[in-house]
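This chain uses plain numbering: 1 for the first residue, then up along the sequence. Both counts, for ligands and for their atoms, begin at 1 and track the order of listing.
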Amino acid sequence: MVHYLDNAATTPVRASAVARMVPLLTEGYGNPSGAHRMAREANRVLDDAREVMAGVLGAEPGQIVFTAGGTEADNLAVRGVLATRGGLAVCSAVEHHAVLDPVARTGGRVVPVGTDGRIDLEALEASLDGSVSLVSVMLANNETGVIQPLAEVVELVRRKAPRALIHTDAVQALSWVDVAELAADVDLISVSAHKFGGPKGTGVLVVRDRVELEPLFLGGGQERARRGGTQNVAGIAAMAVAAAETVAERPTAVPRVAALRDRLADGLRDALDGVVESGVPGRDRSHKTANICHLCFEGIESEALLFLLEQENVMASAASSCASGAIDPSHVLLAMGFDRDLAFGSLRLSLGYGTTADDVAVALAVVPVAVSRLREKGS
Ligand code: PLP
């Protein structure tokens, strides 16, 4: 039996989302841009999904732009804004590469974070001037689960660079915090269905009415000419079902998962010496999402640890899944001041709506043995 503790990489698709999706692939498969009845029905499916996603994200239906996932939503936000307004983008040093790379490539400014993983507000203030047209700060980090002080960021940007638009990458946030409330005052919001029980390759960029955006893709003028390309109707409908279920479950899921995560993180820290929990100086995890247990073990390399865990059917990851396998240590950990050796020994165990007490018990039994074995071998 597999113990899947890699929900920050992706989640299993909810049964309700699959049930919604299948008939739209086999029967309701009309092209929503067409003129006949099947096309109109497909378009109605999009309208319904747009309304649900708008409700979940605190937006108007017309502000929802369907994308092929989080990477596209992030790129559309950064590149789309810079293309219409010129100027510079500013982002935090712990952004996902889908934000960090477009910002860096366009000569933007990268703002440091503290050892707790939160953006340095003084450095952010210093980076803001009249040349800044976009500030992008994520809601929750994909490696550490650290939640950024978005309200303070918004207040600062509105005061210091009133011309700038604000984007937040909320891809890791929807299951664990109220995105609608926390991102109510930002101009652009990215989410991705496969992080909350929807299918891969489907996401949303919220684009408030005041935002002018140059599309990444030109074509049939879909999504009010903000994103050309025939929409993934079945995927989008499934995303809406998954999002609604996620938000309805959140009040019970968050305390349940947080308790499991705390048991896991505390248990591993008690069982082993030489463990550093990222962004958690004591044991206070209140500024982290409920689902992520992120630890660095002295004297080991995560690659070897992941191999041993996999042999025990525990699926985990070292950092973000996109970066694992790469030789460089995580840019997130380096930005938080970890030294390189310790950053090479990182382990992210990420829980999800399907995680059970048994999954946690198995990880608690397996991880200390694996770490000790690697330390004895001097790996
Ligand atoms: N942003 C964050 C914070 C993520 O964690 C991810 C995925 O890992 C992405 C963006 C990219 O999303 P997608 O996999 O839907 O392209």
Chemist: Considering both backbone and side-chain atoms of Gly70, is one of its nitrogen or oxygen atoms within less than 3.5 Å of a nitrogen or oxygen in ligand 1?
Modeler: yes

Chemist: Taking only heavy atoms of Met138, which atoms of ligand 1 are found under 4.0 Å from at least one of them?
Modeler: 3 (C)

Chemist: Roughly how far, to the nearest 0.5 Å, is the CD atom of Gln63 from the CG atom of Leu205?
Modeler: 11.0 Å

Chemist: Check whether any side-chain heavy atom of Arg348 lies under 4.5 Å from a side-chain heavy atom of Cys293, and answer yes or no.
Modeler: no

Chemist: Apart from Val2 itself, what residues make up its hydrophobic cluster, given side-chain heavy atom links below 4.5 Å?
Modeler: Tyr4, Met315

Chemist: Looking at Ile166, Val206, Leu134, which hits side-chain contact (heavy atoms from CB on, under 4.5 Å) with Leu188?
Modeler: Leu134

Chemist: For Asp74, counting its heavy atoms only, list the atoms of ligand 1 lying under 4.0 Å from any of them.
Modeler: 1 (N), 10 (C)

Chemist: Which pairs, with at least one residue in residues 224-245 and sequence neighbours excluded, count as a salt bridge (charged side-chain N to carboxylate O under 4.0 Å, His left out)?
Modeler: Arg14-Glu245, Glu72-Arg227

Chemist: Quick one: which ligand 1 atoms are inside 4.0 Å of a heavy atom on Gly69?
Modeler: 15 (O)

Chemist: For residues Ser192 and Gln172, determine if any side-chain heavy atom of one lies less than 4.5 Å from a side-chain heavy atom of the other.
Modeler: no

Chemist: Return yes when Lys195 approaches ligand 1 closer than 4.0 angstrom through a heavy atom, no otherwise.
Modeler: yes

Chemist: Provide the number and element of each atom of ligand 1 under 4.0 Å from a heavy atom of Thr71.
Modeler: 11 (C), 12 (O), 13 (P), 16 (O)

Chemist: Closest by any non-hydrogen atom to atom 14 (O) of ligand 1: pick that one out of His194, Glu72, Gln172.
Modeler: His194

Chemist: Can you list the ligand 1 atoms lying under 4.0 Å from a non-hydrogen atom of Ser192?
Modeler: 13 (P), 15 (O)

